[in-house]
Amino acid sequence: MKPKGPSKPAARTITPKAVGRKVSADDVARMAQVSRSAVSRTFTPGASVAPQTRAKVLAAAQALGYRLQSATSQQNHGRPKRAAVVMANLFSPYFCHLYAMFEDELRQRGFDVVWRIVSDLALLDVTVGDMVDEQVDGIIVLSAVPGAAVRKKVVAAGISLVVMDRQDVVEGAALVWIDGPEIGRSIAQLMQKEGRSRPAAIAANPRRLTELQAFAHAMEMGGSAPCRWVDTGWTYENGITAARVLFAGEDRPDAIFAASDYLAVGIVDVARKEFGLRVPEDVSVVGFGDTSQSRWLSHATSSIHLPLLSLVQTAVSTMAGRLGPNVAPPPRIWLACDVIERETTLGLSFANNPAAIPQYAD
């Protein structure tokens, strides 16, 4: 008979709580043997969930030490603040610059940052809904609007929601963007001072952009021909295609407002190289974004300057100021923009000296 050795310690289950890792909704779902969505519904006020499922989720959550709390309560318990930034448009060049700006601004304000890129807008609501389960305090969404159901879920969880690059009222979300109508009117005023009368507006779904709508309306109210609209993308190649359509006929536009600098550069190249037009003598072109492309010495394209840092700081401060349950309606904030004139418009010198404006034969 072998001597009795020291007894082995009793086996124990290593849970996320035991090893010090943050408990997630996935951990609760795994222990309760339910889906992750069932965990989310259990902690969403008013959501439908079977009593048996709810009991299993709550038991697992208690065992693991998991609680979906409001942002204010979580901060009081010492958890670092977390903000999610959801980008739904990577084709506009200025969004590349926003990445670093958001990272710096949020971290300076004490937020851990969660990034999500949504290449398919059909997945936007799923992505934003997942952020609720990840216990973030605030969410900033660029170039898309989450659906009403997921916005309600965000508000119920006490999460501060900010939407950028949209100007229509969105229930449950603060809006931060530029003053599109004023931009459009400013471009129209510039073109009218140059004596332009045949406008065109170019963008992907241009009628959604308030700055293009305002430009077309102001030009037409000033007596111009009806604005021609070209639905296309945002790239240089899209600008080439649009220009070929616009300049192919006899009634060529003499005032073009493009929704990106890439588009504007493509338009200028086709006007000069394929149709022999003089820019800006025969046609004025204004881009959007004041990106590095607009400052190329070979093109020097007039453009709308976006105050990117101010937009980021305003979005972050708005989100940070609305953590937890909110009573006041979320604000809608529009920032002013400057028109940067370069070599693709005639310039203010012509506006101040009407006799210097070239005369064109119709």
Side-chain angles (χ1 to χ4, degrees), residues 93-94 178-203 206 209 211-225 227-230 236 239-240 242-243 246-247 251-307 336-362:
Y94 49 85
I178 56 176
D179 190 345
E182 180 58 29
I183 291 170
R185 289 188 291 267
S186 296
I187 298 300
Q189 184 180 38
L190 171 68
M191 297 299 191
Q192 288 164 348
K193 287 181 178 180
E194 293 184 3
R196 309 300 188 180
S197 61
R198 300 186 302 277
I202 305 174
L209 299 177
E211 54 268 20
L212 295 185
Q213 294 176 24
F215 164 72
H217 178 72
M219 288 294 292
E220 292 170 11
M221 291 298 292
S224 77
C227 185
R228 296 178 63 182
W229 295 86
V230 179
Y236 172 78
I240 290 175
L246 289 172
F247 297 137
D251 189 23
R252 294 171 175 170
D254 61 5
I256 299 178
F257 186 12
S260 79
D261 290 333
Y262 283 129
L263 285 171
V265 170
I267 292 164
V268 170
D269 278 349
V270 170
R272 289 171 173 167
K273 297 182 180 299
E274 295 188 11
F275 291 88
L277 298 175
R278 299 170 302 165
V279 181
E281 291 83 359
D282 296 327
V283 55
S284 284
V285 180
V286 177
F288 188 91
D290 192 28
T291 58
S292 60
Q293 290 76 23
S294 69
R295 297 188 288 275
W296 286 346
L297 295 178
S298 58
H299 290 74
T301 310
S302 297
S303 185
I304 301 300
H305 175 76
L306 285 182
C337 295
D338 294 325
V339 181
I340 307 300
E341 285 200 74
R342 297 189 177 95
E343 296 177 11
T344 60
T345 50
L346 290 175
L348 295 178
S349 59
F350 285 95
N352 295 328
N353 182 15
I357 298 177
Q359 300 300 310
Y360 308 109
D362 293 332

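Only heavy atoms go into these numbers, but all of them, side chains included; no hydrogens, no water, no symmetry mates.
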| Closest non-hydrogen atom pair between Leu263 and Ala203, with its separation | CD1-CA, 4.3 Å
| Asp254 side chain to Ser197 backbone, donor-acceptor under 3.5 Å | yes
| field | Any side-chain heavy-atom pair of Lys193 and Gln189 under 4.5 Å | value | yes
| note | On a heavy-atom basis, the closest approach of Gly289 and Ser303 is N-OG, 3.4 Å
| field | Phe275 versus Ala243, closest heavy-atom pair with distance | value | CE1-O, 4.5 Å
| How far apart are the closest heavy atoms of Arg185 and Ala214, and which atoms are they? | N-CB, 4.2 Å
| task | Compare all side-chain heavy atoms of Glu220 with those of Cys227 and state whether any distance is below 4.5 angstrom. | result | yes
| Close side-chain approach of Val270 to Leu246, heavy-atom, < 4.5 Å | no
| task | Measure the acute angle between the ring planes of Phe257 and Phe215, then classify it against the limits of 30° and 60° as parallel, tilted or perpendicular. | result | perpendicular
| So, do Gln293 and Thr301 sit near enough that their side-chain heavy atoms are less than 4.5 Å apart? | no
| Do Ser302 and Thr345 get their side chains close enough for a donor-acceptor pair, meaning under 3.5 Å? | yes
| request: Report the C-alpha distance between Val285 and His299 in whole Å, list the side-chain angles of each, state the deciding distance to 0.1 Å, and finish with yes or no for side chain to side chain contact (heavy atoms under 4.5 Å, CB included). | output: CA-CA 11 Å; Val285 180; His299 290 74; over 6 Å; no
| said: Would you compute the distance between atom CD1 of Ile267 and atom CG of Asp261 and round it to the nearest 0.5 angstrom? | reply: 10.5 Å
| So, do Trp229 and Leu212 sit near enough that their side-chain heavy atoms are less than 4.5 Å apart? | yes
| field | Straight-line distance of Leu209 CG to Ile202 CD1, nearest 0.5 Å | value | 12.5 Å
| salt_bridge(Arg342, Asp290) N-O dist < 4.0 Å | yes
| field | Point-to-point distance, once rounded to the nearest 0.5 Å, from CZ of Arg198 to CZ of Arg196 | value | 8.5 Å
| query | Of the non-hydrogen atoms in Ile340 and His305, which two are nearest, and what is the gap between them? | reply | CG1-CB, 3.8 Å
| task | Could you walk me through whether Val286 and Met191 pass side chain to side chain contact (heavy atoms under 4.5 Å, CB included), step by step? | result | CA-CA 10 Å; Val286 177; Met191 297 299 191; 3.7 Å; yes
| Closest approach of Ala218 and Ala188, non-hydrogen atoms and distance? | CB-CB, 3.5 Å
| query | Out of curiosity, Glu281 CD to Glu194 CD, how far, rounded to the nearest 0.5 Å? | reply | 10.5 Å
| Inter-residue atom distance Ser294.OG - Glu343.CD, 0.5 Å rounding | 12.0 Å
| task | Could you tell me whether the side chain of Cys337 reaches within less than 4.5 Å of the side chain of Asp179, counting heavy atoms only? | result | no
| message | Do Arg252 and Val283 have side chains that approach each other closer than 4.5 Å (heavy atoms only, starting at C-beta)? | response | no
| query | Would a 4.5 Å heavy-atom cut-off, applied to side chains only, mark Asp269 and Ile240 as touching? | reply | no
